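Since the model is a prediction, treat every value here as computed from it, not as a measurement. Throughout, numbering of the chain's residues begins at 1 and tracks the sequence. Order of listing sets the numbers, starting from 1, for every ligand and every atom in it.
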Amino acid sequence: MSLSQMARSIRESVTLKLNQTAALLREKGEPVIHLGGGEPKSKTPIDAIVSCTSVLNSGDIKYTPPDGIPALKKAIIRYTEEHYARAVRPENVVASCGAKQAIMAALIAILDPKDEVIFPSPYWVSYPEMVKLAGGVPVAVKAEDGSFSPTVKEIADAVGSYTKAIILNSPNNPSGVMYSREFIAGIVELCEKKNLWLIMDDTYNRLVFDGRAPINCYDFSTDDLEQSRLIVINCVSKMYAMTGFRIGWAVGNREVVQAMSTIQSQQTSGPATPSQWAAAGALNGIQNSIEALRLTLENNRNILMDRLGAFPGVRVTRPDGAFYSFPDFSNYQKDSQKLAEFLLDKVRVVTVPGREFGMEGHLRISFCGAIKEITEGVERIRWALDPTAPNEIYLGGRRLVRDWM
Ligand code: GLU
């Protein structure tokens, strides 16, 4: 087989793969608890369904402009004006097949071969691979103090002559940490000073807890939008629980947005027409589902923290938002891949190994599922790792006897 070097160097998205693993095991009747997934369980908002089905019922489903239908762009403009206090024009907006394609198109639009892209570690699994797909070189920066938030200085120290862009994701996948206003302000300032692009991945921006307000990165930018190298990414996937529709978008200066649209015109022709109408429906519709989801997630977070806090030997950082926690299990097993495989094999709990996010010893545990699944999942993990626990338990009606440790 003569696959390209690129194809051989790109790693599969483990987060997506584990969704399949969990689904296959469930199909076989295995009592799987999926704490690996990154999608809310709530249903698609009714306004999205109505908007989508009305275009489906028309039977007139044709190509759209590669950067999105005017109705969706109008809805995105309104969203941007409301949540970012920024007046933007249609030429500043490109709708994509999920946030993923928006980030990918942005990277292709701005990177030349060997250009470097910096992002804090832990990072979302797809950033390094996307940078590589766009011909660039990923540079992950870890906080020296072992926390999930490097300092502005640590990021600035990584900037070199090849650095072209920084990606920030706040609240962060996988840690749930929301970077401070000072940190985001510092990174915006750094990018403006060094003429770097800043890709602000705001996928989880609205899903924040403990009375926090979402941070608006434009608050710190002194540049006019057309001079700005700030590209803000959003999507309907998480805040409206519409992962399957695959609609995201980017807001940026018209030159980069035009380039991204041209790239999409050759790659996909643009996002699927019914999905665009669904996203427009969600953005224009009643917004209470976001707050309902946020409250559910905050409650799930609290319960998960109680359980993990009582788990001896596990170090946990309280997530500020999103629906991921990233506890450190290295007191039990330093190799996160081995640990995740062990937990899947022995107690049928799916987690994502920290290695995939650039941090060994950790597991990503999602808390977007049902409370019962979250608490039982943690119980199973605890039983599997605690040598003093009873030697047998019942799991999904089956007797499990410890044959390890
Ligand atoms: N973003 C989600 C996750 O991290 C969904 C899967 C993906 O696109 O990576 O689990």
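Distances shorter than 4.0 angstrom do not occur between any heavy atom of E39 and any atom of ligand 1.
Nearest protein neighbour of atom 2 (C) of ligand 1, counting heavy atoms only, is K238 NZ, 3.1 Å. For atom 7 (C) of ligand 1, the closest non-hydrogen atom of the protein is T15 OG1, 3.4 Å.
The shortest N or O to N or O distance between S126 and ligand 1 is not below 3.5 Å.
With E373 as reference, I33 is the one residue of V349, I33, V32 to meet the side chain to side chain contact (heavy atoms under 4.5 Å, CB included) rule.
Judged as a ring pair (Phe, Tyr, Trp, His ring centres under 6.0 Å), and not counting sequence neighbours, the contacts of W124 are Y127. Scored by the side chain to side chain contact (heavy atoms under 4.5 Å, CB included) test, A102 finds S96, I233, A250 as partners (sequence neighbours excluded).
Close approach of ligand 1 to S13 (heavy-atom distance below 4.0 Å) involves ligand atoms 9 (O). Near N173, meaning under 4.0 Å from any of its heavy atoms, are these atoms of ligand 1: 1 (N), 3 (C), 4 (O). Close contacts between ligand 1 and K100 involve ligand atoms 7 (C), 8 (O), 9 (O) [criterion: under 4.0 Å to a heavy atom]. Atoms of ligand 1 lying under 4.0 Å from any heavy atom of W124, numbered from 1 in the order shown and given with element: 1 (N), 4 (O), 7 (C), 8 (O), 9 (O). The contact set between ligand 1 and Y324, taken as ligand atoms under 4.0 Å from a residue heavy atom, comprises 2 (C), 3 (C), 4 (O), 10 (O). The distance from ligand 1 to the heavy atoms of R364 drops below 4.0 Å at these ligand atoms: 3 (C), 4 (O), 10 (O).
At a heavy-atom distance under 4.0 Å, no atom of N19 approaches ligand 1. Contacts of E356 with ligand 1, taken as heavy-atom pairs under 4.0 Å, are absent altogether.
Side-chain rings of F209 and F323 stay apart, their centers remaining 6.0 Å or farther from each other. Taking the six-membered ring for Trp, Y240 and F245 have ring centres at least 6.0 Å apart. The distance between the ring centers of F326 and F148 falls below 6.0 angstrom.
Here the shortest heavy-atom pairing between C97 and P271 reads SG-CA, 3.6 Å.
The shortest distance between side-chain heavy atoms of Y218 and L225 falls below 4.5 Å.
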